[in-house]
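A quick write-up on the structure given underneath.
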Number of protein chains: 2
Amino acid sequence: MTDTKAALLAAAHTVVGREGIAGTSARVVAAEAGVNQALVFYHFGTVTELVATACTEAADASVASYREELAAVGSFTELLAVGRTLHEREQASGNLAVMAQLMAGAQRDPLLAAAAQHAMEAWNREVEIAVRRVLADSPLLEITDRAGLARAIGAGFIGLELYEGVDAEGAQQALAALEQLGAVAEILDDLGPVARRAVRARLRRTSRST
Amino acid sequence: MTDTKAALLAAAHTVVGREGIAGTSARVVAAEAGVNQALVFYHFGTVTELVATACTEAADASVASYREELAAVGSFTELLAVGRTLHEREQASGNLAVMAQLMAGAQRDPLLAAAAQHAMEAWNREVEIAVRRVLADSPLLEITDRAGLARAIGAGFIGLELYEGVDAEGAQQALAALEQLGAVAEILDDLGPVARRAVRARLRRTSRST
DNA sequence: GTCTATAGAGGGATAGAC
DNA sequence: GTCTATCCCTCTATAGAC
């Protein structure tokens with residue numbers, strides 16, 4: 001990969017995160033990269049193609065950097081801890097803002113939609129592995145769809161990131177509330193045998209009736 | 001309010017939902033409304049002002065239409081039921097897509113940010129009332145921040161809507177998984193006295209240690 | 001591979017007639 | 001209040017020199 005190509009990819013990521021998908025143009029990205037505007041089209045054909053490539057590569061790299069950490073998660077408390085540091089680091093790096101903007105743009109651009117789906121799938125795969133391990137000994141295992149839960153977690157992060165840009169304090173409140181709820185699941189697993197049996201029986205009954 | 005103003009507001013809402021915030025221009029909105037492009041600026045000054053007004057009014061009207069239904073919610077099961085019909089109707093009407101696009105645009109436009117914050121606050125107020133009633137007799141009451149939970153629910157809807165545009169099947173899976181989890185809370189409230197005491201004691205211990 | 005220059009389209013916004 | 005006409009800007013994309 002040439003220096004210019006790499007510079008454009010990095011700049012595209014920066015600009016999408018900072019200016020939003022609506023503010024991302026060939027001129028702005030090229031200026032950010034310190035290269036000529038025409039090189040966007042020489043190397044990537046279209047602006048959309050550049051943005052899609054940049055987002056895909058960034059997401060893949062980011063997911064890979066969390067693979068081991070997520071796979072090693074063994075309890076709800078650990079999952080919540082990893083989730084919080086993951087959220088903080090992804091937010092600080094701008095990856096979360098980029099993902100949110102990518103998904104907003106994906107609503108009417110098929111190429112961005114494909115990139116967004118790829119990125120979400122990459123995250124979902126790793127999160128699902130962690131969720132599977134965490135639920136292995138939980139009474140929740142029988143009624144919970146792990147794939148669905150992993151997707152809900154991913155989508156929730158996106159929503160929180162957008163909310164963060166609108167009301168930072170409210171978003172922190174929301175995150176804290178979710179962590180409290182996550183702790184409840186941990187508690188279910190740590191109950192004594194009697195209470196645990198009661199919960200389990202109740203869960204079984206309810207899931208049949210649904 | 002003149003016919004033209006109303007037509008422009010309705011058209012702005014439609015266009016933002018259909019074309020996204022990046023595809024919303026004075027010309028497109030005016031064409032959708034069947035009026036002259038210059039009238040956007042005569043009536044609203046700027047395109048952004050028109051979009052912000054349209055989103056604010058739509059959100060206020062929508063929240064108002066759910067006020068009674070949400071306030072009457074008495075159990076988790078009821079809250080989940082209202083949540084599902086609310087989600088379906090808001091999605092069908094395009095309000096959810098508009099909110100998601102508004103929040104994406106809000107990341108770099110202060111006027112849109114103000115509109116988005118207003119809309120989210122309006123929803124949060126009503127959702128929080130419902131959450132408060134639902135948690136009134138729950139062991140979760142002591143450790144749960146109701147305002148934070150309401151905000152998490154709102155942000156979650158936004159994330160799910162964006163995810164829906166990228167992977168409709170995955171979004172449905174996520175929604176179903178969340179409903180399963182919601183049912184767990186309901187179960188906690190319906191446990192027998194022994195189990196309930198065990199859960200309550202455990203919750204109290206954990207919340208102190210956090 | 002990189003540059004300049006530019007075509008061609010669309011967009012925000014205003015002036016001025018009606 | 002509404003219309004036409006227009007200015008000026010930014011945008012994508014390409015042609016062609018180097």
Side-chain angles (χ1 to χ4, degrees), chain A residues 1-55 101-102 104-115, chain B residues 1-55 57 98 101-102 104-115:
Chain A
M1 170 124 45
T2 64
D3 279 0
T4 300
K5 254 183 125 164
L8 280 172
L9 285 170
H13 188 264
T14 303
V15 171
V16 169
R18 194 181 58 213
E19 311 286 345
I21 197 79
T24 301
S25 71
R27 281 166 159 74
V28 175
V29 172
E32 175 76 24
V35 306
N36 190 280
Q37 173 256 153
L39 295 175
V40 168
F41 304 98
Y42 175 79
H43 284 289
F44 296 95
T46 67
V47 176
T48 307
E49 190 79 46
L50 165 58
V51 170
T53 306
C55 292
Q101 289 295 325
L102 179 64
Q107 306 298 312
R108 63 180 212 107
D109 188 309
L111 199 59
L112 296 184
Chain B
M1 168 121 52
T2 64
D3 279 0
T4 300
K5 255 183 123 164
L8 280 172
L9 287 169
H13 188 265
T14 303
V15 171
V16 170
R18 195 182 56 211
E19 312 286 343
I21 197 79
T24 301
S25 71
R27 284 166 161 80
V28 174
V29 172
E32 176 76 25
V35 306
N36 191 281
Q37 173 257 151
L39 294 176
V40 168
F41 303 98
Y42 175 77
H43 284 289
F44 296 94
T46 67
V47 175
T48 307
E49 189 79 46
L50 165 58
V51 169
T53 306
C55 292
E57 293 197 352
V98 169
Q101 289 296 325
L102 179 64
Q107 306 297 313
R108 64 179 213 109
D109 187 311
L111 199 58
L112 295 184

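Nothing here was measured: the structure is a model prediction, and the numbers come from that model. The figures here come from the full heavy-atom set of this structure, side chains too, leaving out hydrogens, waters and symmetry mates. Chain A is the first sequence line, chain B the second, and so forth, proteins listed ahead of strands; every chain is numbered from 1.
In this structure, B:Arg27 places its CZ atom 15 Å from P of D:dC9, rounding to the nearest Å. In this structure, B:Asn36 atom CG and D:dT6 atom P are separated by 15 Å, rounded to whole Å. The distance between atom CD of B:Glu19 and atom C1' of C:dG11, rounded to the nearest whole Å, is 15 Å. D:dG1 atom C1' lies 16 Å from atom CZ of B:Phe41, rounded to whole Å. Atom P of nucleotide C:dC18 and atom CG of B:Leu39 are separated by 18 Å, given to the nearest angstrom. One can place CZ of A:Phe44 at 18 Å from C1' of D:dT14, the figure rounded to the nearest angstrom. The distance from atom CG of B:Leu50 to atom P of C:dA13 is 11 Å, rounded to the nearest whole Å. Going from atom CG of B:Asp3 over to atom C1' of D:dT2 covers 13 Å, rounded to whole Å.
The shortest side-chain heavy-atom distance between A:Leu102 and A:Val16 does not fall under the 4.5 Å cut-off. In this structure, the side chains of B:Glu32 and B:Arg18 come closer than 4.5 Å at one or more pairs of heavy atoms. In this structure the side chain of A:Leu39 never reaches within 4.5 angstrom of the side chain of A:Phe44, judged on heavy atoms.
Ranked by how close their nearest DNA chain D nucleotide is to the 5' end, A:Gln37 and B:Lys5 are led by B:Lys5.
Of the possible polar contacts, none joining the B:Arg108 side chain to the A:Gly20 backbone as a donor-acceptor pair under 3.5 Å is found. Between the side chain of B:Gln101 and the main chain of B:Gly17, no donor-acceptor pair closer than 3.5 Å is present.
Between A:Thr4 and the phosphate of C:dG1, there is no side-chain N or O to OP1/OP2 separation shorter than 4.0 Å.
Among the nucleotides C:dT14, C:dG12, D:dT2, the one closest to the side chain of B:Ala26 is C:dG12. Closest to the side chain of B:Val47, out of C:dG11, C:dG12, C:dC3, is C:dG12. Ranking D:dG1, C:dT4, C:dG11 by closeness to the B:Tyr42 side chain, first place goes to D:dG1. The nucleotide whose nearest atom lies closest to any side-chain atom of A:His43 is, among C:dG11, C:dT2, D:dT2, C:dT2.
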